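These notes concern the structure reproduced below.
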Number of protein chains: 2
Amino acid sequence: MNLKELAAHLGISQTTVSRALNGYPDVAETTRRQVLEAARRFNYRPNPAARRLATGRAGTVAILFPVERNLLVDPHFFELLAGLAEMIARTEMELSLRATPPQEELETYRRLVNAGRVDGFVLSSPTLHDPRIAELTALGAPFVVHGRTQETLPYAYLDIDNADAFARATALLLDLGHTDVALLNGDAALTFARDREQGYRGALAARGLSAAPGRVTNAPMTEEVGYRVARAMLEAGERPTAFLASSVLLALGVYRAARDLGLSVGREVSVIAHDDALPFLKAETFDPPLATTLSPIRRAGYRIAEMLIERISGVDPKALQELWKVDVVFRASVAPPHGVRRGAAAVRAAGDDAAARRPAR
Amino acid sequence: MNLKELAAHLGISQTTVSRALNGYPDVAETTRRQVLEAARRFNYRPNPAARRLATGRAGTVAILFPVERNLLVDPHFFELLAGLAEMIARTEMELSLRATPPQEELETYRRLVNAGRVDGFVLSSPTLHDPRIAELTALGAPFVVHGRTQETLPYAYLDIDNADAFARATALLLDLGHTDVALLNGDAALTFARDREQGYRGALAARGLSAAPGRVTNAPMTEEVGYRVARAMLEAGERPTAFLASSVLLALGVYRAARDLGLSVGREVSVIAHDDALPFLKAETFDPPLATTLSPIRRAGYRIAEMLIERISGVDPKALQELWKVDVVFRASVAPPHGVRRGAAAVRAAGDDAAARRPAR
DNA sequence: CCGCTCGTCCAAAGCGCTTTGGGTATGCAT
DNA sequence: ATGCATACCCAAAGCGCTTTGGACGAGCGG
């Protein structure tokens with residue numbers, strides 16, 4: 001069933017049917033109702049290819065990932081993807097997944113935009129100085145960034161308040177009496193890593209403390225890295241009493257390192273990690289359950305899809321900037337440093353500080 | 001630059017340019033060369049929407065995943081996706097990712113095919129009796145299955161020889177002297193789980209052995225499940241000396257359970273897992289390194305994309321059925337059962353059995 | 001020299017939609 | 001009566017490609 005047939009059936013012109021369907025004003029309400037009704041009855045759906053050709057819009061949003069860059073190593077990326085796909089599925093749009101060699105990335109954006117194959121993009125894992133922002137802005141292509149950069153150009157983004165989250169997590173540890181806290185962070189070029197370090201250092205500074213040398217590491221966020229780094233620190237003479245990790249995978253490695261050295265997490269070693277709520281690796285099932293700064297990345301995907309669609313329909317990027325507060329979830333992986341005796345009251349207070357705050361949606 | 005302009009530039013008709021570009025026979029070689037050359041020089045790319053409209057082909061392959069089914073919990077799915085995306089990116093096609101509520105899954109396939117929005121599908125995680133096969137076959141839509149089902153309809157698939165892999169892994173353990181081997185498997189409705197169990201039971205039977213009751217479990221393949229199941233078994237009176245796990249994530253849980261109980265993997269407990277080569281969780285970096293049946297799922301993605309394109313261009317499904325042999329990789333998580341003393345020779349023999357065999361590509 | 005086949009090319013008709021640029025009728029002020 | 005909005009509708013022109021159905025010569029056997 002196509003437009004022409006539908007129009008013939010109704011005894012009115014294609015033009016009018018098309019306008020009725022697309023909500024144009026100059027069609028009588030009675031006619032519109034008839035058209036809508038008939039369309040529903042015949043289960044009419046406009047041919048997307050024809051519509052694309054006629055309008056020049058692609059009806060597609062894309063996310064591209066550079067093959068062999070860290071992204072692919074990264075389950076977080078796919079959680080985001082899942083969120084995007086779920087939301088996009090509720091619209092008439094498509095979500096196109098595109099692989100690209102990293103050197104050709106900008107070129108790929110350019111091609112897709114110029115060929116009119118894509119109406120908008122989601123940018124994932126932005127770096128501090130991310131050339132994609134300027135490129136896409138110059139191309140005039142709508143996009144939404146998951147995270148932020150140091151670009152001054154106005155652009156749409158959704159980010160979590162990483163600095164605040166890690167400041168609060170650090171403060172929690174300090175309140176419990178820790179003074180030597182290590183930060184296992186992601187790649188230093190990524191904005192979230194910088195923000196988290198900033199939150200961490202800020203919280204230390206607020207107590208007149210500062211990180212001992214070597215206490216902050218930047219590396220891919222894998223179990224293996226977490227293990228190696230934590231093990232090295234724990235074997236050294238002066239060892240940290242608490243770890244802050246930028247991912248649950250890293251924390252998994254920290255747990256392993258502690259166990260290998262006969263140290264018990266939640267006693268000799270405290271651990272807090274940022275939790276993107278990867279469904280196959282749940283912090284609450286760790287042993288002991290892992291305290292986290294929690295922000296489900298899937299939900300970010302939902303919202304980013306919505307924002308992108310708004311952006312495509314012309315909403316100003318400055319009106320599409322969201323910064324979500326993050327929950328701090330207190331669990332048994334965190335305790336006062338071993339040997340330090342504090343009143344139960346102090347511990348309880350720290351727990352209260354961690355009371356759930358819902359994201360700022 | 002579009003076809004018309006290109007043709008005008010060359011002083012020949014659109015028709016001829018189009019035919020030259022698309023490899024039709026009735027165009028002179030000299031003309032064709034000119035056209036190709038000009039197309040390259042002007043960086044001409046046919047407008048996909050126009051082509052779609054004219055040909056009726058969508059230029060898109062899709063993979064849909066039911067929201068909230070296990071798939072999304074499953075990093076394996078995304079590894080496959082990555083492989084598909086990489087290969088599809090080298091063609092003119094698009095890869096569309098579509099979320100669907102599980103109850104509407106078949107309906108979604110139907111809609112996409114009837115609306116001509118998709119030329120072919122990749123089916124992931126097939127169950128023993130998977131209704132998608134019959135549905136898509138009836139619709140006449142090309143598809144390739146990652147895995148197999150018990151359907152008798154001819155369909156294109158790429159599967160690994162799960163039965164053989166697990167038979168060999170089991171045999172390796174038995175050769176080392178184990179007699180009580182547990183199998184931590186995935187959801188029983190999934191074909192690969194059935195095949196692996198079959199391989200496992202076959203290998204036992206070949207030695208006149210059989211699995212003790214409760215030695216085979218079916219559940220989601222997460223770290224947590226691996227931990228719980230393994231822990232329960234290891235705490236029981238009669239405990240298995242070796243575990244076979246259907247995923248590296250499960251094995252991770254087994255490691256944790258063993259450690260918690262003061263048992264050492266590679267001594268008191270042997271572990272082999274199937275390894276899909278998830279980039280963020282590498283068996284070789286486990287402690288001790290984890291023995292595996294190895295078959296990179298990413299590579300399967302590459303090949304499936306190729307197969308799907310062939311299928312779309314008319315190749316018979318029966319000509320597109322591949323069963324890949326799987327490497328068995330011997331590592332330190334496997335040893336003779338504790339207490340059993342065997343000659344070094346026997347161990348070495350078992351190691352040889354595990355010599356790498358490349359996939360049957 | 002005729003009629004045929006081949007090899008090469010082309011004009012034009014779609015594909016199914018959107019959008020332009022009116023057309024007609026009605027109502028209202030002039 | 002005339003002029004002019006207003007409300008509603010339509011024919012037809014694209015959008016950029018593929019494909020149909022020839023056209024036109026050249027070469028060739030009869």
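Below, chains carry the letters A, B, ... as their sequence lines are ordered, and counting in each starts from 1. No experiment lies behind these values; they were computed from the predicted model shown.
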Nucleotide interval of DNA chain C bounded by contacts with chain A (heavy-atom cut-off, under 4.0 Å)
C:dG16 to C:dG21

Nearest-nucleotide 5' precedence on DNA chain C, A:Arg57 against A:Ala49:
A:Ala49

Residue list, salt bridge (charged side-chain N to carboxylate O under 4.0 Å, His left out) with B:Arg117, at least two apart or on another chain:
A:Glu94

How long is the straight-line distance from CZ of B:Phe121 back to CG of B:Leu136, given to the nearest 0.5 Å?
6.0 Å

Assign A:Asn47 to base, sugar-phosphate, or nothing according to its heavy-atom contacts below 4.0 angstrom with the strands shown.
sugar-phosphate

Rounded to 10°, the angle between the first-five-pair and last-five-pair axes of the helix from C:dC1-D:dG30 to C:dT30-D:dA1 is 60°

Assess the residue pair A:Arg98 and A:Ile63 against the criterion (side-chain contact (heavy atoms from CB on, under 4.5 Å)); give the C-alpha distance rounded to whole Å, side-chain angles, the decisive distance to 0.1 Å, and a yes or no.
CA-CA 6 Å; A:Arg98 309 195 140 261; A:Ile63 180 162; over 6 Å; no

Rounded distance [0.5 Å steps], CG in B:Leu80 versus OG in B:Ser124
5.5 Å

What nucleic acid atoms does A:Ser18 come within less than 4.0 Å of, heavy atoms only: base, sugar-phosphate, or nothing?
base

I need the CD-P distance between A:Gln34 and D:dC8, as an integer number of Å.
13 Å

Classify A:Arg52 by what it touches in the nucleic acid, base, sugar-phosphate, or nothing, heavy-atom distance under 4.0 Å.
nothing

Considering all heavy atoms of both residues, which atom of B:Arg311 and which atom of B:Val315 are nearest to each other, and what is their separation?
NH1-O, 3.2 Å

Run B:His146 and B:Tyr157 through ring pair (Phe, Tyr, Trp, His ring centres under 6.0 Å) and show every step you take.
CA-CA 6 Å; B:His146 181 222; B:Tyr157 65 79; over 10 Å; no

Does a side-chain N-to-carboxylate-O contact under 4.0 Å join A:Arg132 and A:Glu135?
no

Counting any heavy atom closer than 4.0 Å, what does B:Arg32 reach on the DNA or RNA strands: base, sugar-phosphate only, or nothing?
nothing

Is the shortest distance from a Lys or Arg side-chain nitrogen in A:Arg303 or A:Glu310 to a carboxylate oxygen in the other one below 4.0 Å?
yes

How is A:Thr15 classified with respect to the nucleic acid when contacts are heavy atoms under 4.0 Å: base, sugar-phosphate, or nothing?
base

Report the distance from atom CG of B:Asp26 to atom P of D:dG22, rounded to the nearest whole Å.
15 Å

For the pair A:Asp119 and A:Arg57, find out whether any cationic side-chain nitrogen is under 4.0 Å from an anionic carboxylate oxygen.
no

Starting at the 5' end of DNA chain C and moving along, which residue's nearest nucleotide shows up first, B:Val27 or B:Leu53?
B:Val27

